[in-house]
Amino acid sequence: MALDRTSGFDMLVQISESELNSQLETAFLAGGIFPPAISVPISSGGVTGTAALNFDTPVADLDRPRPRMGLTIPFDGSQLEITAPLPLTVSPLGGDITIVDSIVMRTEGSTQIASMDFTAGAPDVSVTFDSDSASRLAPLLSAAGLTINQAQNMMAGIVLNQLQNDIQRLDLTPPIPVTDDSDATTVFDIDVTTINDTSTLDSDCITFGIRMASDSGGNINGVNASMIPAGSGSLVMMSNFWLLAKVMRPRLARQMGIPVDNFDTPLRLNRSVPAPGGDGTLTNLEARVEGNRIAVSGRATDSGTGWSAVSNFSFYIDIGFSGGSITITATEPNVDTVGMAGFSGPGRIVWWDRRCHCCRNCSRHR
């Protein structure tokens, strides 16, 4: 949790290439992301007919200049049905279609969606037939005066037309609600980019920079590396300042029933206030980020006729996500109380110390 590591964003979310492909597979098998088959008309070089392509699970790769992503879609069990210059069916055909396009955040109503938008400029499309399919196509191509490369380029053009006019876009995330309000835990805007890790680790990932308010900053091009821990598929990183000053500070002030300006930013009590519960006075309270937790420490005092007490306390707050919402869990507090009570004796005053639970005139305190 740090502002500099989030490149000025309130939150940074990274999803690894392997996790992305796992989600793509799940979505494809469920009938989303990309159609399982397409049938496209062919009319080129005197050849007319229909290509029926049956697709397998798409595979994404981020070995591209940011913010571009490659999507390879294998096809097999497909066929080419020619109607002219003479009726002919060539099958089975197999190979790969590779689509390369930028990932963008697309606004739809009051939501944003990470997409490959094929209508916002032409993606790069290539088609490669496997060797068996190339051999089956060779006689037909020769009769039509075409090479295999020309046939592949022709198919790429047909697929490009299908992408731009029929499929139009490929959504990589569900619609994410965005709003411009005073709630620091609602999303205002999202930027996206890709990370192509050229090291031997090859830790490629998609990165989302999230602003939670209109006055938040962030530079998505400042994110140049994957910070996802080894063995994990994703990472959520929060800005220390946003978490303490924008989320915890107003919530704490509201719960204590005091003005938020009683706390300096990011989160430090700047005056004595009534302690929660109405007994005593809270004189110190400060929160800071330690590793992946928030450490809270403070001091409270109380006194009455002939007695006083000072309590130093500390505890930790763990921040998590569940169902798209922030969860806050606090540990049991560690409390160290020093209390003293005085009373009159024959010509002397005796003090009781709660730290050793004895009279201060005992052997320990003489």
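Everything numeric here is computed off the predicted structure, so don't read it as measured data.
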Name every donor-acceptor pair, under 3.5 Å, that has one atom in a side chain of residues 274-284 and the other anywhere in the protein, sequence neighbours excluded.
from: Thr283; atom 1: OG1; to: Arg299; atom 2: O; distance (Å): 3.2

Report task. Could you tell me which non-hydrogen atom of Asn224 sits nearest to which non-hydrogen atom of Arg66, and how far apart they are? Result -> OD1-NH2, 3.2 Å
Report task. Keeping the roles fixed (side chain from Asp101, backbone from Pro123), state whether a donor-acceptor pair exists under 3.5 Å. Result -> no
Query raised in the report: Should the heavy atoms of other residues, nucleotides or ligands under 6.0 Å from CZ of Phe313 be counted, would the total exceed 12?
Result: yes
Query raised in the report: Does a donor on one side chain sit under 3.5 Å from an acceptor on the other, for Thr83 and Thr48?
Result: yes
Report task. Give every residue pair that meets the side-chain hydrogen bond (donor to acceptor under 3.5 Å, both in side chains) criterion with at least one member in residues 112-122, sequence neighbours excluded. Result -> Arg106-Ser115, Gln112-Asp189, Ser115-Asp171, Asp117-Thr119
Query raised in the report: Any side-chain hydrogen bond (donor to acceptor under 3.5 Å, both in side chains) pairs touching residues 85-97, not counting sequence neighbours?
Result: none
Query raised in the report: Residues in ring-ring contact (aromatic ring centres under 6.0 Å, His included) with Phe188, at least two apart?
Result: none
Requested in this report: List for me each residue that meets ring-ring contact (aromatic ring centres under 6.0 Å, His included) alongside Phe118, sequence neighbours excluded, and say none if there are none.
Outcome: none
Query - Contacts of type side-chain contact (heavy atoms from CB on, under 4.5 Å), residue Thr198, not counting sequence neighbours - result: Asn196
Report task. Applying side chain to side chain donor-acceptor pair (under 3.5 Å), name anything that partners Arg271, two or more places apart in sequence or on another chain. Result -> none
Query raised in the report: What heavy-atom pair brings Leu53 and Ser78 nearest, and what distance separates the two atoms?
Result: CA-OG, 3.3 Å
Query raised in the report: Tell me the salt bridge (Lys or Arg N to Asp or Glu O under 4.0 Å) pairs involving residues 127-151, sequence neighbours left out?
Result: none
Query raised in the report: Under 3.5 Å, is there a donor-acceptor pair between the Ser216 and Asp10 side chains?
Result: yes
Query raised in the report: Taking only residues at least two apart or on different chains, which pairs with a member in residues 14-44 satisfy ring pair (Phe, Tyr, Trp, His ring centres under 6.0 Å)?
Result: Phe34-Phe55
Report summary line: Ile176 meets the side-chain contact (heavy atoms from CB on, under 4.5 Å) criterion, sequence neighbours left out, with Thr173, Ile190
Side-chain atoms of residues 253-269: list all donor-acceptor pairs with protein atoms under 3.5 Å, sequence neighbours left out, distances to 0.1 Å.
from: Asp264; atom 1: OD1; to: Asn270; atom 2: ND2; distance (Å): 2.9
from: Arg268; atom 1: NE; to: Glu286; atom 2: OE2; distance (Å): 3.4
from: Arg268; atom 1: NH2; to: Glu286; atom 2: OE2; distance (Å): 2.9

Report task. Using side chain to side chain donor-acceptor pair (under 3.5 Å) as the criterion, list what pairs up with Glu19, not counting sequence neighbours. Result -> Gln23
